[in-house]
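Values below: every heavy atom of this structure, side chains too, minus hydrogens, waters and symmetry copies.
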Amino acid sequence: MTTSSSERGVSLGMPELPAPAYPDDVRARLETDAREVIARYPDSRSALLPLLHLVQSQEGHVTRTGMQFCADMLGLTTAEVTAVATFYTMYRRGPSGDYQVGVCTNTLCAVMGGDAIFESLQEHLGVGNGETTEDGKVTLEHIECNAACDFAPVVMVNWEFFDNQTPASVKALVDDLRAGRPVTPTRGAPLCTFKETARILAGFPDERDGAVAAGGSAGPASLAGLKLAKGEASAARVVHPRDGGPHDAPQDRAVHDPSPTEHLSSHDAPQDTSASDPSNPAGPTAEEGE
């Protein structure tokens, strides 16, 4: 006697229905934008990444409808599009807030307070990692390196930098975002919504007044080495030896005392290490064989 799948407790399920289509006016507008993007590439499939940003700018995340649209425009299968959309964390797979607040919890930011910032925001907002506040304003997530270790701990909002943060400063930041008050990044372009950011990442110009002039996100500490290599750096900052003794700097090099406007990191000076501190030598203290 055989038993049915339902009797065995096995659910075969139903095949997923096709993704719903965009409304005609929306699809027509997206097709116009998509053709402009595709024309930039000799191989149309190379346009997949910006097209995913384009459909993300429509709904705030990459939907099945958006992936089907990309597949149709590029002559790809939905499986090929899905493989890319699920690989990169910059593409959201579910509804998210107007402002993506990412707290770096990688090594240096964590040591400098990133973990404490993330924990304080979870408690303050009442959400966990990847979750959105009830008002739909803020999505919180912990992320890997923001490539801004000079200014740790760093928080990013819609990929704009907020440097040298503290639990108190980020609480004020998210409160301002939720209240609709103006928020200014530490450096780079003015803040905009996540949908607007997605459209810019798709390759369309930021038409806000002053946005382009304010662009660029590398701070002075990040660019110090490049400027020095080009001969553009100001007089070198001389750090006194770790033993606190006098420092004989060349007579033609002045000691540079950076001002607060230079936005240097709070931890850019060398620190004592066992390898360089005679009172705390590195390596085993016992003789070999003991």
Side-chain angles (χ1 to χ4, degrees), residues 53 56-57 88-92 96-122 124-125 129-130 132 137-203 205-206 208-227 258-268:
H53 283 299
Q56 185 160 250
S57 73
Y88 294 103
T89 57
M90 58 190 174
Y91 301 121
R92 311 302 181 193
S96 56
D98 294 334
Y99 300 99
Q100 306 282 327
V101 176
V103 181
C104 182
T105 55
N106 212 328
T107 307
L108 185 55
C109 277
V111 170
M112 298 299 294
D115 287 338
I117 287 174
F118 184 67
E119 291 173 5
S120 67
L121 279 181
Q122 287 189 97
H124 184 66
L125 295 173
N129 183 45
T132 303
K137 292 292 186 180
V138 172
T139 296
L140 176 66
E141 63 176 349
H142 74 78
I143 55 180
E144 294 302 324
C145 186
N146 279 324
C149 302
D150 315 58
F151 310 117
V154 174
V155 171
M156 296 193 86
V157 180
N158 295 348
W159 311 123
E160 298 296 343
F161 287 101
F162 291 81
D163 303 317
N164 295 318
Q165 294 297 296
T166 66
S169 69
V170 293
K171 288 178 183 178
L173 170 62
V174 295
D175 286 347
D176 287 342
L177 292 173
R178 299 181 73 183
R181 291 187 286 267
V183 171
T184 303
T186 307
R187 49 202 164 98
L191 195 63
C192 58
T193 67
F194 185 67
K195 289 182 179 180
E196 292 170 326
T197 300
R199 183 170 176 81
I200 295 169
L201 292 176
D206 187 346
R208 296 173 297 157
D209 291 340
V212 175
S217 58
S222 301
L223 296 175
L226 177 62
K227 289 185 176 181
S259 66
T261 59
E262 290 182 286
H263 194 51
L264 288 174
S265 165
S266 59
H267 53 88
D268 60 338

Side chain proximity check, [X] to [Y], heavy atoms < 4.5 angstrom:
{"X": "Tyr99", "Y": "Thr193", "result": "yes"}
{"X": "Gln56", "Y": "Met90", "result": "no"}
{"X": "Gln165", "Y": "Phe151", "result": "no"}
{"X": "Val174", "Y": "Lys137", "result": "no"}
{"X": "Ser169", "Y": "Val155", "result": "no"}
{"X": "Val170", "Y": "Val103", "result": "no"}
{"X": "Leu191", "Y": "Glu160", "result": "yes"}

Which heavy-atom pair separates [X] from [Y] by the least distance, and what is that distance?
{"X": "Asp115", "Y": "Ala110", "result": "OD2-CB, 3.6 Å"}
{"X": "Cys104", "Y": "Cys145", "result": "SG-CA, 3.9 Å"}
{"X": "Pro153", "Y": "Ile117", "result": "CG-CD1, 3.7 Å"}

At what distance, to the nearest 0.5 angstrom, does [atom1] of [X] lie from [atom2] of [Y]?
{"X": "Met112", "Y": "Thr107", "atom1": "CE", "atom2": "OG1", "answer": "13.0 Å"}
{"X": "Ser57", "Y": "Glu196", "atom1": "OG", "atom2": "CD", "answer": "10.0 Å"}
{"X": "Arg181", "Y": "Asp175", "atom1": "CZ", "atom2": "CG", "answer": "6.5 Å"}
{"X": "Leu108", "Y": "Asn146", "atom1": "CG", "atom2": "CG", "answer": "11.5 Å"}
{"X": "Ile200", "Y": "Cys192", "atom1": "CD1", "atom2": "SG", "answer": "4.0 Å"}
{"X": "Glu141", "Y": "Ser96", "atom1": "CD", "atom2": "OG", "answer": "9.0 Å"}

Look only at the side chain of [X] and the backbone of [Y], and say whether a donor-acceptor pair between them is shorter than 3.5 Å.
{"X": "Arg92", "Y": "Thr89", "answer": "yes"}
{"X": "Asn158", "Y": "Asp98", "answer": "yes"}
{"X": "Thr186", "Y": "Asp163", "answer": "yes"}
{"X": "Arg208", "Y": "Pro190", "answer": "yes"}

Query raised in the report: Counting only heavy atoms not in His53, do more than 12 sit closer than 6.0 Å to its NE2 atom?
Result: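 Enclosed: over 12 neighbouring heavy atoms sit under 6.0 Å from NE2 of His53.
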
Query raised in the report: Step by step, would you call Asn129 with Phe118 a side-chain contact (heavy atoms from CB on, under 4.5 Å)?
Result: CA-CA 9 Å; Asn129 183 45; Phe118 184 67; 3.9 Å; yes

Report task. Could you check Val154, Val101, Val183 and say which one makes a side chain to side chain contact (heavy atoms under 4.5 Å, CB included) with Phe162? Result ->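 Among the candidates, only Val183 passes.
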
